Amino acid sequence: MKFTYYGHACFKVEIGGKHILFDPFISGNELAADKVNIDEIQADYILLSHGHQDHVLDLESIAKRCDATVVAAYEVALWANGKGIEKYQPMNHGGKWKFDWGTVKATNAVHSSVLPDGSYGGNPMGFVIESEEGNFYYAGDTALTMDMKLIPMTCAKLDFAIMPIGDCFTMGVEDALMAAEFVQCPKVIGVHYDTFGFIKIDHEQAKKQFEDRSMELILMEIGESRDM
Ligand code: NI
Ligand code: MN
């Protein structure tokens, strides 16, 4: 599965020829300005973990240009539909939906969710994706929570996990280490760090903290792709 990082908590996976984009926030990210051309991003599906601006800012432009299907909490999906995005799949915590490229399960996240215009954003969530090309967990914006222990009990074995590590608004590195243990996945791609002053981290120290527990923290360059 090809994985591309677009900065902050925005990334794309390609599964079975489908482009699946998560939490599009690019035009508002200074760190991504000279590294990502937003008009070239392909998306057949756009998954949104919650309604905050730093996860939905570029939804409308990309979804409309690509005629993408939005997958999100019921309230966020209806909000997107109200913006003129015609194709959407509403979900809520604990629910699964099968697409032709894989199955999405909406997992609990401990955070908040309101849309940029003040509309109610429903429950913030993470996703477990199971597909023929691999399985992964995207935690979304969340605190460390015991609910993560349910994931290995209820889902297929994970090949990798994407977790916020920037602290302040979400888990920091220390808690992400424990989250990786809870979901039984030693390979973690870090997101939601460095974008704003509140969430700057020391990359080398963060990676070493994972190494010290025999786990791997991958911090990708913005715009970088790799096979996962
Ligand atoms: Ni948030
Ligand atoms: Mn966020």
Side-chain angles (χ1 to χ4, degrees), residues 3-13 20-33 35-36 38 41 43 46-63 70-80 83 90-93 104 106-129 136-145 147-148 161-176 179-180 188-201 203 206 217-220 222:
F3 183 104
T4 304
Y5 183 51
Y6 293 119
H8 199 50
C10 182
F11 58 93
K12 186 180 76 173
V13 296
I20 302 139
L21 182 69
F22 291 73
D23 285 353
F25 173 78
I26 297 150
S27 62
N29 183 356
E30 283 177 16
L31 302 181
K35 300 198 176 85
V36 180
I38 195 168
I41 294 176
I46 302 177
L47 275 65
L48 306 171
S49 61
H50 62 298
H52 287 161
Q53 174 97 334
D54 61 320
H55 299 257
V56 305
L57 181 66
D58 297 312
L59 170 70
E60 193 175 344
S61 64
I62 298 173
V70 171
V71 181
Y74 180 80
E75 294 83 354
V76 174
L78 286 192
W79 175 83
K83 297 253 172 217
M91 298 189 72
N92 213 330
H93 284 172
V104 175
T107 63
N108 296 353
V110 176
H111 193 66
S112 54
S113 180
V114 65
L115 289 149
D117 61 6
S119 305
Y120 175 58
N123 290 321
M125 54 181 61
F127 300 106
V128 173
I129 312 293
F136 67 91
Y137 168 50
Y138 168 44
D141 279 12
T142 185
L144 176 66
T145 164
D147 290 337
M148 291 168 177
I162 300 123
M163 293 189 182
I165 55 169
D167 221 325
C168 189
F169 304 113
T170 67
M171 295 189 285
V173 174
E174 290 283 330
D175 285 355
V188 173
I189 298 174
V191 297
H192 215 280
Y193 63 94
D194 283 359
T195 319
F196 322 112
F198 294 124
I199 58 173
K200 290 226 187 317
I201 66 159
H203 294 204
L217 177 66
I218 300 166
L219 301 181
M220 290 174 65
I222 295 173

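Counting starts at 1 for both ligands and their atoms, in listed order. By convention here, the first residue in the shown sequence is residue 1. Predicted, not measured: the structure shown is a model, and the values here were computed from it.
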Side-chain donor or acceptor of K200 paired with backbone N/O of D194 under 3.5 Å: yes

What's within reach of the Ni ion (ligand 1), meaning protein N/O/S atoms under 2.8 Å? H50 NE2, H52 ND1, H111 NE2, D141 OD2

Quick check against the 3.5 Å criterion: does H8 have a side-chain atom that pairs as donor or acceptor with the backbone of P24? no

Has S113 got a side-chain atom pairing as donor or acceptor with N123's backbone, closer than 3.5 angstrom? no

Where the side chain of D23 meets the backbone of F11, is there a donor-acceptor pair that is under 3.5 Å apart? no

H203 and Y193 aromatic ring geometry - parallel, tilted or perpendicular at 30°/60° bounds: perpendicular

Output yes when a side-chain donor or acceptor of D58 lies under 3.5 Å from a complementary backbone atom of I26, and no otherwise. yes

Checking side-chain contact (heavy atoms from CB on, under 4.5 Å) for the pair L219/I165: CA distance, chi angles, key distance, verdict? CA-CA 10 Å; L219 301 181; I165 55 169; 3.6 Å; yes

With 2.8 Å as the limit, jot down which protein N, O or S atoms are around the Mn ion (ligand 2). D54 OD2, H55 NE2, D141 OD2, H192 NE2

Measure the shortest side-chain to side-chain distance between D54 and F196 over non-hydrogen atoms and say whether it is less than 4.5 angstrom. yes

Between F169 and F198, how do the two ring planes meet: parallel, tilted or perpendicular, split at 30° and 60°? perpendicular

